[in-house]
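Data block below; observations after.
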Amino acid sequence: MMSIRRAQATAIERMFGKEPAQAHKTPSWKAFVYDSHGMNVISPLLNVAELRDLGVTVHYRINLSREPLPGQSTPPPSCTHGDADGTRTLPLTQCDVPTLTNLSTLSVRVLLCTTLRTTPFFALERIPTLFQTHMYPHTNSAFKSPYLLTDTCLVVISINPTRLFLCTPTLFLNCLDDPWLDVEAVYMCLPTQDNVKRIIQDMRENVYASYQLNFLTPLPRDLLELLAEATVEIGCVSKVERIFDLYGNFLCLEDDFFTLTESDDDSLSFFALNDPSARDDDIQKCVSQIVDGLFSVFATVGTLPIIFAPPTGSPRYIAEQLTRRFRDHIKGTRGTTLFSRISETGSFQRPVLILLDRQMDLPSILHHTWTYQALVHDVFGIRLNRTVDNVLDTNLPDGSTKGDTFSFERTDRFWHRCRGDPIPTVAERSGQEVVECRRKEQELKSIGGDATATAAEAPDVGEAAAGVDAQQLTAAINSLPEILRQRNFLTAHTSILTKLMQSIEARKLDAFYELEEEIISKKALSRPVTELICDPTQGLLEDRLRLFFIYFLDGDTKPEELSECQQALTQQGCEDPLPSLTYLKSLKELEAMSQAQAPRPQHVGNTLFNIAHAGAGLFSKGVKALLPTYADLPATRVVDAIINCSKDKLVQEYLCFDPKQVHAQPTKTQLKAPAEAAYVFVVGGGNYTEYQNLADYCKRHPDKNVVYGTTQLMNASQLFEQLTRLGVSASTE
C-alpha cells in the first residue's frame, strides 16, 4: 500500500542526515529551527523522541529571540543557584496553574543550559536541592524519581505543586554566554523574506557552527541572491553546508491522506476559492499555492501522474498549471530526476491524479455523520491529529465548555482499527478491548506470582524449568509497557466516546443523521423534514440549518415547504434572508444550466442505514444505534469510473493531461488499462467522511490504492460559516 506519510517522513529524516542504513548511528548535536508552517508539517510525522533519535537537542521557532549574550553580567530575573562547582544560573519564569491544583503529581520538564560538549551544568544529586531551595523554599514536598538525560539535557521531575515554574525557550537560549560554536543548525521553513532575513541575522551573530537550510518550496531567485550576498559579506560561506528545496509544502495526516493547509488557515478555503469579490491576483495566488503543494506531493513520492479534471471550473485551471509545471521541470533538468522512482507497490505503472471541485458535492460536508473519526471531527474538531473533547459544563458560565486534549498516535491500535467504524460498533469494541487488556494484565501478574511461588516451594528445581520460567517472566516484563500504553489509549477513547454520546443525545444527532440519509438516498421519509426544522428543541440551530440545506440541495423540495422552513428558522434567530441560502440558490441555478454538459454525480445506494442494537453500555435508551451500510459518495464514483476505464456519463467529459507528452493538448480519453494507484484531490475542502468512503472502497478492491487530498480539512461548522460569508460577499457585489 502507498504511504505518503512514510515518504515525507523519510525525506525529513534525510534532512537531518539520517539514511536508512544509518538507523543506529550515533547522532550529532543539532538545533532544529522552523517556522509555523514547518511545525505543522513535521507535527504529524515525528514526535519529540523521534527528533531526539535524529540528534535534535533543541527545537524552536525561527522568530524566537535567541541572540547569544557574550559577557553578559546581569542575567534575566530568575531563581539562581551558583557555586564553584560550575553550576550556572537557571533563568525561570513564574506561571500560575490554578487548573492543575487538583492533580496529585505533575511532570515538569526543565531545559538545562549546556555547552552540549561533555557534562550538564547540574549533577543529578543537586537537582532536588536546587528546586527545593529556590523554587519551593517554603515547602517540604519530596521529589519523586528525578531523571536526568545528559545527552539531551532534559530533566523530568514529579512534584506536587500549586504554582509551576518553567524555563521558557527564550530564556533558555538567552542565558548562554557564548555562541553555540559546536552545534549545527537545521532550518525548515517557507522561503519568505522574513525567514531569510532571520537566517542572515543568525549568521551575522555567529550563533551556530554550521547551517543547513531546507525550504519547503523552491527558493526564489531574488531571495537566493540576497542570501548569497549576505553570506559573502559576513564571511560565513564555508558554514553553509547546503541549501535544499525540500518540496514538503503539504501536511500528511494519515498514510493515505494529506492537506495543503491547516483547518484554521483561510488561504485555500472554500470561501477564498469562490469569493465573488476576489481579484484575479488573489485567485492566481491560490492556484499557484495549490500547484506548489501538488508538485511537492509527487516530488516526494517520486512519480509523475496522469491528470484528470472536469472540463470547467478551478480543477481544470489547476490541471493546466500543474501540467505546465511538470513539463518545465522535466525540460529544465533534462530528465525526470524527481519523478523516476518506482512506486512502493513495485509497479512501473504511473498513478492517476483526479482533481475534483467541492461544489460537486456539498451535502457530504454538511451531512451529519456516524463513524468514529468523522464524528469526532464534526463534534469536537481535529487539528493535526489532535482533538479537544469539549462538552458543556454547567459549572462554567453560559455557553462555556471544557475538555481534555487527546492526540491520535500512530501506535494507537484501537484508533487505527476502529476509526472508520460506526459509533455503535466502536462502543462495543471498546468494552471488549478493555476486558481483553485486563485479562492480559492478570496473566502477567499470574506469571510473576507463579514464578515466585515455584522458586519458594522448589529451590532445587532443574535448570531447564527455571529457564522456562525466566523466559516467560522476561517476555511478560517486555510486553508490560505496551499493554499499559494501549490501556491508556483505551481509557482516553472511553472518555471520548462517553462525551460523544452526551453530544449525540443532547443534539439528537441520530435523528438528523437518519433523516438526512433518507433524503440523500431518495427514499421515503420516515418523518417530515419540517418536523425537525420547526422544533427548536431538536438539536442546535446549526443542526437544523444543515438538515435544511441538504433538503434544499438533494431533496425533492416544494416551494411551500421551503417557505415554512425559512419562516421557522427566522423565528429561531436566523437572518432573513439567509446569506448562505442565497449563495446556495445561485449555485444551484448555475448547476442546472451546466447539467447537460457535465452531469452532477448523485449519492447512490440502497438503504443507507439499519436499526440495530448497540450492545454497549455507552448507548442510552434515547439514542438509536444506527449501523450504516456504506454506499459510494460522488467522489468515490468518479474515481471508480476513471481508474477502471468506465464509459460512465459521469466522466465522459473529463479531460486527460499527460505531463510527459510535452506538446500534447488535453483530450477526452480514457486510460489504456485500469490504474492501480490514484490520488484524489478535492479543491475547496474535504472531510473524513469522504476519506473514509474511499478507504472502504479500497478494502472492497484490494488491488486498488487511493490517496485522498484536499486544500483544507473542514467540518460542517466551518463550511456553514464560509457559505454565510459567501452569501454576504455576493450580496454586496
Side-chain angles (χ1 to χ4, degrees), residues 1-2 4 256 294 297-298 301-313 315-320 322-323 326-327 336 339 341-357 360-361 364 594-605 630-683 686 690-710:
M1 177 182 177
M2 296 183 301
I4 188 172
D256 50 358
L294 290 174
V297 168
F298 289 98
V301 298
T303 57
L304 191 66
I306 299 172
I307 305 172
F308 283 86
T312 59
R316 171 172 181 168
Y317 188 45
I318 293 170
E320 292 173 346
L322 183 59
T323 301
F326 282 134
R327 289 173 178 171
T336 55
F339 311 105
R341 277 175 264 164
I342 302 175
S343 68
E344 290 186 17
T345 60
S347 173
F348 289 92
Q349 189 183 54
R350 292 166 59 193
V352 173
L353 171 61
I354 303 171
L355 300 176
L356 302 176
D357 196 335
M360 176 190 73
D361 180 24
S364 290
S594 60
Q595 189 79 15
Q597 181 180 3
R600 174 175 175 262
Q602 301 292 328
H603 299 77
V604 296
Y630 300 101
D632 288 341
L633 294 179
T636 306
R637 292 186 58 209
V638 171
V639 172
D640 178 69
I642 290 178
I643 65 177
N644 288 313
C645 309
S646 172
K647 295 184 179 180
D648 195 321
K649 292 182 180 179
L650 188 63
V651 296
Q652 280 185 353
E653 299 297 324
Y654 272 60
L655 299 177
C656 176
F657 301 78
D658 189 351
K660 273 193 174 182
Q661 306 297 326
V662 179
H663 301 292
Q665 297 297 318
T667 57
K668 299 178 183 179
T669 59
Q670 296 178 337
L671 294 172
K672 296 180 180 179
E676 298 176 0
Y679 290 78
V680 184
F681 187 79
V682 183
V683 179
E690 217 163 37
Y691 160 67
Q692 191 59 52
N693 195 256
L694 286 164
D696 293 332
Y697 171 84
C698 292
K699 289 179 182 178
R700 300 194 306 268
H701 303 83
D703 58 324
K704 305 297 183 183
N705 293 283
V706 179
V707 173
Y708 179 73
T710 182

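No experiment lies behind these values; they were computed from the predicted model shown.
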Heavy-atom pair with the smallest gap, counting every atom of Arg316 and Pro311:
CD-O, 3.1 Å

Closest non-hydrogen atom pair between Gln652 and Lys647, with its separation
NE2-O, 3.1 Å

Could you list the residues that satisfy ring-ring contact (aromatic ring centres under 6.0 Å, His included) with [X], not counting sequence neighbours?
X: Tyr654; result: none
X: Phe308; result: none
X: Phe326; result: Phe295, Phe339

Can you find a heavy atom in the side chain of [X] that is under 4.5 Å from one in the side chain of [Y]?
X: Phe681; Y: Leu356; value: no
X: Ser646; Y: Val651; value: no
X: Ile4; Y: Val297; value: yes
X: Cys656; Y: Ile306; value: yes

State plainly whether the residues Arg700 and Asp632 are in salt-bridge range, i.e. N to O under 4.0 Å.
yes

If the threshold is 4.0 Å, N to carboxylate O, is there a salt bridge linking Glu676 and Lys704?
no

Tell me if the centroids of the rings in Phe298 and Tyr679 come within less than 6.0 Å of each other.
yes

